[in-house]
Amino acid sequence: MNNTIKKIPLRDLDVFISIIGNAYPAFGIASDQDREKMRQRMVMVSKDPTIAHYGVYRGRKLVGGMRTYDFNMNLFSIETMVGGVGLVAVDLLHKKQKACRDLIMYFIHLYQRKGSSMVALYPFRPDFYRKMGFGYGAKLNLYRIQPEDLPSGGSREHLRYLAPGDRKVIKECSDRFWQKHHGMFKIKKHELDYFFKNPAAKTVVYEDHKRIRGYLSFVFKRADDENMLKNHIVIRELVYENRDVLRELLAFLRVQSDQIPQILFPTQDDMIHFLVKDPRDGSDNIIPMIGHQTNTQGVGVMYRVIDTRKIFRLLANHQFGGQSYRLKLSIHDSFLKDNNGSVVLQFDNGRASTKKGGAYDVEVTLDVSDFSSLLVGSVDYETLYRYGLTDISDAQYVDTVANTFRVKYKPICHTTF
Ligand SMILES: CC(C)(COP(=O)(O)OP(=O)(O)OC[C@H]1O[C@@H](n2cnc3c(N)ncnc32)[C@H](O)[C@@H]1OP(=O)(O)O)[C@@H](O)C(=O)NCCC(=O)NCCS
């Protein structure tokens with residue numbers, strides 16, 4: 001029987017919630033109350049016109065679903081719509097019947113129709129989605145910091161708790177941060193709601209001349225089952241517009257040392273060991289031969305180019321490393337046939353334009369997953385070449401291609417979905 005995909009009508013929401021409950025047992029959707037809470041949240045979230053729930057049907061039966069998001073991404077300072085997908089879930093009884101494959105295919109086509117050239121997700125298993133053409137973004141680090149190892153910043157005079165009337169100013173701060181950081185997605189309404197409506201979320205802001213210049217949002221986490229007085233701080237988001245803001249927010253964290261054994265900081269910034277007095281993360285692990293464990297790391301957000309030509313047209317004003325040459329880029333895309341194939345790119349002093357074909361200086365072949373990582377700057381071309389993940393018609397051009405896609409900063413993403 002074929003899978004068909006459509007928006008999930010309200011009458012099918014309960015079935016979708018059951019599917020989600022089984023797919024994500026950690027959500028703890030057990031009682032009628034839990035289901036009702038989830039239902040209310042889904043109805044609330046889908047009031048945002050940029051968010052939608054789609055279901056996969058076999059006949060009239062809903063067997064799986066997903067949530068899609070229109071995100072506004074800062075891609076090298078160019079604002080572009082990127083499709084996001086989350087909450088992918090397939091009924092336990094209907095696994096391995098291509099329900100997920102068809103959902104993802106629908107999702108990609110949906111965002112092609114909306115005019116996007118890229119999509120993103122957080123994988124339940126990175127290899128599963130890499131096969132579908134998604135490439136790894138910048139890795140996520142988990143630092144465990146003892147508060148007293150943070151720099152003693154002195155002043156905390158600009159800090160206060162977030163207040164109910166701060167919605168506009170915190171959004172403005174978040175938007176300015178978005179504008180300055182490659183990779184960021186613009187904050188959405190439900191994310192803003194989180195700061196104000198979630199009783200567990202504590203947010204401290206830095207205010208200067210009636211403007212919020214940064215904020216630290218965190219939750220507490222029991223550190224010890226036997227001792228309820230010991231709690232860790234888990235950072236949910238740290239945003240700072242300049243180093244003065246960072247210094248004060250760190251000073252705030254530092255003075256929590258009497259009650260807080262560790263600050264857990266998930267971040268794509270992998271330089272935090274320079275910031276703290278003792279770079280070790282408290283595990284005392286020695287990595288052979290002699291490496292003191294500073295943090296653990298994981299693959300998080302993944303990106304996928306869904307229209308190679310279009311993404312270069314979007315990046316027409318981007319500076320591709322000042323290079324001048326003709327590159328034939330051959331993308332291997334086994335999942336999305338209309339994106340499989342070659343494009344000839346003309347680079348003039350770093351400005352790219354797409355050509356129908358014709359002569360070229362060098363041809364580069366790679367999978368769309370690794371190309372997506374290369375384009376956003378989470379991997380460099382030399383590494384792909386060294387690992388044998390790309391072919392090049394003339395090895396003398398490895399440096400040229402590497403310089404074309406070199407980035408100053410890897411993409412960062414504060415949005416989870
Ligand atoms: C993960 C989950 C969604 C998988 O769903 P599923 O419907 O069983 O998966 P599918 O049958 O669609 O499997 C994917 C298919 O796409 C195919 N596929 C992947 N890449 C492909 C490519 N490049 N070209 C062609 N086919 C491809 C795979 O081969 C696979 O088919 P196969 O099993 O015949 O090999 C489901 O197990 C689930 O609900 N898990 C729990 C919740 C969860 O973790 N969700 C993910 C959060 S992001």
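Since the model is a prediction, treat every value here as computed from it, not as a measurement. Just follow the structure's listing: the first ligand is 1, and inside any ligand the first atom is 1.
Among all non-hydrogen protein atoms, the one lying nearest atom 39 (O) of ligand 1 is Val90 N, 2.9 Å. For atom 7 (O) of ligand 1, the nearest non-hydrogen atom of the protein is Cys100 N, 3.0 Å. Regarding atom 47 (C) of ligand 1, its nearest protein heavy-atom neighbour is Tyr24 OH, 3.0 Å. Of the protein's non-hydrogen atoms, the one nearest atom 40 (N) of ligand 1 is Lys95 NZ, 4.1 Å.
In terms of N/O distances under 3.5 Å, ligand 1 is not approached by Pro123. Inclusion of Val88 in the set of residues having an N or O under 3.5 Å from an N or O of ligand 1 is warranted.
Between Ile412 and His182 there is no side-chain heavy-atom pair separated by less than 4.5 Å. For the pair Ile212 and Glu172, the minimum side-chain heavy-atom distance is 4.5 Å or more.
For ligand 1, the atoms lying closer than 4.0 Å to a non-hydrogen atom of Ala23 are 39 (O), 41 (C), 42 (C). Taking every non-hydrogen atom of Ala89 and a distance limit under 4.0 Å, the qualifying atoms of ligand 1 come out as 39 (O). For ligand 1, the atoms lying closer than 4.0 Å to a non-hydrogen atom of Ala99 are 7 (O), 12 (O). Taking a cut-off of under 4.0 Å to the non-hydrogen atoms of Phe128, the atoms of ligand 1 that pass are 4 (C), 9 (O), 13 (O), 14 (C).
One N or O on the side chain of Asp34 and one on the backbone of Ala30 form a donor-acceptor pair closer than 3.5 Å. Judged purely by atom type and a 3.5 angstrom limit, Arg304 uses its side chain to pair as donor or acceptor with the backbone of Met132. A donor-acceptor pair under 3.5 Å is absent between the side-chain atoms of Arg58 and the main chain of Lys61, judged by distance alone.
Distances from atom 11 (O) of ligand 1 to the heavy atoms of Lys98, Arg101, Met302 put Lys98 nearest. Closest heavy-atom approach to atom 44 (O) of ligand 1 within the set Phe124, Phe335, Phe134: this belongs to Phe124. Of the options Lys131, Met132, Lys96, the smallest heavy-atom separation from atom 35 (O) of ligand 1 is shown by Lys131.
Shown here for Pro147 and Pro261, the closest heavy-atom pair between the two residues is CD-O, 3.4 Å.
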Verdict with supporting geometry, Tyr325 and Thr404, side chain to side chain donor-acceptor pair (under 3.5 Å): CA-CA 10 Å; Tyr325 69 117; Thr404 308; 2.8 Å; yes
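Under the 6.0 Å cut-off for aromatic ring centres, Phe417 and Phe71 qualify, their centroids lying closer than that.
Heavy atoms of Arg125 found under 4.0 angstrom from ligand 1: none, in either backbone or side chain. Proximity of Tyr122 to ligand 1, defined as any heavy-atom pair under 4.0 Å, is confined to the backbone N, CA, C and O atoms.
Between Leu121 and ligand 1 there is no heavy-atom distance shorter than 4.0 Å.
Below 30°, between 30° and 60°, or above 60°: for His318 and Phe320 the angle between ring planes is above 60°, a perpendicular geometry.
Exactly one residue among Phe195, Tyr206, Phe177 makes a ring-ring contact (aromatic ring centres under 6.0 Å, His included) with Tyr215. That residue is Phe195.
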